[in-house]
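In what follows, every chain begins at residue 1, and chains take the letters A, B, ... in the order their sequences are listed. Atoms considered below: every heavy atom in the structure, side chains included; atoms not considered: hydrogens, waters and symmetry mates.
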There are 2 protein chains.
Amino acid sequence: MSRPTIAGVARAAGVSVASVSRVLNGLPATEEMVERVQRAVDELGYVPDARARSLKVGRTFQLTLAVADVGNPVYVTMMRAVEEVVSAAGYRLVVTTTGPDVVDEVALVRGMARGYADGLLISPLRVDEDLVKSIRECEVPVVVAGNVPAKAGVDTVRANSPKGMLLAVDHLVAKDRRRIAFLNGPADTVPGAARAKGFAEALKAHNLEPAAVAEATDFTFTAGRAAAPDLPAGGFDAVICANDLLAVGVMHELAAAGLEVPADVAVVGMDDSELAEQSFPPLTSVNLGSAERGRRAAELLLARIEDNERAPRRIVVQPSLSIRRSTP
Amino acid sequence: MSRPTIAGVARAAGVSVASVSRVLNGLPATEEMVERVQRAVDELGYVPDARARSLKVGRTFQLTLAVADVGNPVYVTMMRAVEEVVSAAGYRLVVTTTGPDVVDEVALVRGMARGYADGLLISPLRVDEDLVKSIRECEVPVVVAGNVPAKAGVDTVRANSPKGMLLAVDHLVAKDRRRIAFLNGPADTVPGAARAKGFAEALKAHNLEPAAVAEATDFTFTAGRAAAPDLPAGGFDAVICANDLLAVGVMHELAAAGLEVPADVAVVGMDDSELAEQSFPPLTSVNLGSAERGRRAAELLLARIEDNERAPRRIVVQPSLSIRRSTP
DNA sequence: TTGTACGCGTTATCAA
DNA sequence: TTGATAACGCGTACAA
């Protein structure tokens, strides 16, 4: 005894399949028709098959969110925001992890052609020609949370890293910290490149030289710890890290070296994720608007699904600084 | 110009649709046939439609993982393990958040009947009759990561909280901490109930009385901070927390009260998530085998999809203790 | 080995 | 308003 189909319901109710479909979709029907169909549906426990429906209407009512690392708390913030918008619009959200390699991202975008989902929201770590091309050629609408060349002609929502960097440096300088170091993630990533540039600019705006710059192999806690020794001990009184995970990693190493935060070294993270609040001491962090970026990106995606001819939009979300106890 | 279908490919290659399908699915065909089909496929950029395929074969090759809170780092551990097993078997993983309410869980399980996915892996926070019933009646295979009555007749993978508690208490007692407090999450949840019971038993095994017991409103960092004051200041020299997030919340409050960890108070978490390593001081935590539970649960789900008649299995994963600096 | 034709469960078009 | 029927794109008996 397998699942009842619409035909079964029609038979049980003594009406046509078309009528059942109409009642189920709220199209005009007589009082009595609705009544009969409803009863048959309840009796048989009929549930419409999403697969068949998808085939017919050409939509899955499913959207994909692709992030590089589910372990990065910034993505949970973004994911929550996206989920909220998307489910309010009647879509389910599929969360996928791509890993750090651009080839995986490309494979994912190409795979969208199979019609698993009605749209893709991707936050790529690395971007190359192949990825831009695959996005442009993608069968379903794509929105990028991150930076991608304007000529790609794709909807984009991104953070303003340079401005965020400036907020961080302003704050540190106001607290009399002038020997500022920078721990970046991989510079060959989109956020890595943006933050390196932003850091350089922000220091220049204050007529300062970088006290030190190091680069972690990943945007992870472990990579942060591993890279911390690359910053010359005692050579800086403040360090800005490219994200919160790196910052927490650095704080562990500073503690191990007997340095106090913020007395000896002030630490600033970026993303203002839940981890910033949870770390000890709580981490001053640049809020790059991950929740808002998620929300706006989701809205953009829904709008494009509605109308694929609209001109691509490029939204920039402004940062703010969440000051906590890791800075004086 | 819409997507090419299998019919288009057949026309372009001058063969039948059946032959195209066969070649694509690796069924026997002549060298030349394969060649011709392949060329046509490449030329047209044909990609099989997952929707149509799903309808025909009655499978989506999609599995759903439902967790209560994506912000809880224990789930990223589990998710990673599940993803690994599942993708190796050719399935995609859909991650869904249910929230803390059992009604949402029930709605989710019921919704599986629509055929969105071929199986469900759920880690329910709260379990009631409705949930058990919906799981038993579910159209697709369900595996529960957590505790559910044996009479539910469902595959289950769960942790051994009492044993884990005992490991924690053993460790603390060995370090001469005998005034042990316990911060639980909501006791009306499955893990909350298990841990409360485990704590009581473990203390009894050592002939100890609880120094204090409190209950947070959620298994979150914020709830942990809020509940910490419910433990009598100075009344305990060790505290076990029902998960890592609560433990980190407590450590923040202890610090605010001027107490040192572990000198004044030893702190033990549960889950041994990434957060335990990231917290400061690093958190001693009971490893309840979340990665292994995820892996085993995923394997169970795949096995049941393969053969729905097999007898339900109930797997218990044994805990271990990861000792870090939050205990002496 | 290859081709024809049907069915998967649904929605949408057209007559009645 | 309702009912019969043609798609949607694919896999697969069955026949050739």
(message) Rounded to whole Å, please give me the gap between CZ in B:Arg114 and C1' in C:dT10.
(response) 12 Å
(message) Can a side-chain donor-acceptor contact be found between A:Tyr75 and A:Arg80 if the only test is distance below 3.5 angstrom?
(response) no
(message) I want to verify a distance call: between D:dT1, C:dT2, C:dT10, whose nearest atom is closest to the B:Thr30 side chain?
(response) C:dT2
(request) Starting from P on D:dG9, measure out to CZ on A:Arg59 and report it in whole angstrom. (result) 16 Å
(message) Check this for me, if you would: do B:Lys151 and B:Glu129 make a salt bridge, where the nitrogen-to-carboxylate-oxygen distance has to be below 4.0 angstrom?
(response) yes
(request) Check whether NZ of the Lys or CZ of the Arg B:Arg92 lies under 6.0 Å from the centre of the six-membered ring of A:Tyr116 and within 45 degrees of that ring's axis. (result) yes
Which side-chain N or O atoms in residues 96-104 of chain B pair as donor and acceptor under 3.5 Å with protein atoms at least two apart or in another chain?
unit_1  : atom_1 : unit_2  : atom_2 : d
B:Thr98 : OG1    : B:Val67 : O      : 3.3

(request) Identify, between B:Ala52 and B:Pro28, the residue whose nearest nucleotide on DNA chain C lies closer to the 5' end. (result) B:Pro28
Restricting to nitrogen or oxygen on both sides, can you table the protein-nucleotides 11-14 of chain D pairs closer than 3.5 Å?
unit_1 : atom_1 : unit_2  : atom_2 : d
D:dG11 : OP1    : B:Arg53 : NE     : 2.8
D:dG11 : OP2    : B:Ser21 : OG     : 3.3

(request) Kindly compute the distance separating CG (B:Asp155) from CZ (B:Arg296), expressed to the nearest 0.5 Å. (result) 11.5 Å
(request) Give, for atom CG of A:Asp118 and atom CD of A:Gln62, the distance between the pair rounded to the nearest 0.5 Å. (result) 8.0 Å
(request) Could you check how far CG of A:Leu55 sits from C1' of C:dA12, rounded to whole Å? (result) 13 Å
(message) What is the separation between atom CG on B:Leu44 and atom P on D:dG9, rounded to the nearest whole Å?
(response) 14 Å
(message) I need the CG-C1' distance between A:Asp49 and C:dG7, as an integer number of Å.
(response) 14 Å
(message) What's the closest nucleotide to the side chain of A:Ser16 if the choices are C:dG3, D:dG3, C:dG9?
(response) D:dG3
(message) Can you tell me if A:Thr5 touches the phosphate of C:dG9, counting only side-chain N or O atoms and a distance under 4.0 Å to OP1 or OP2?
(response) no
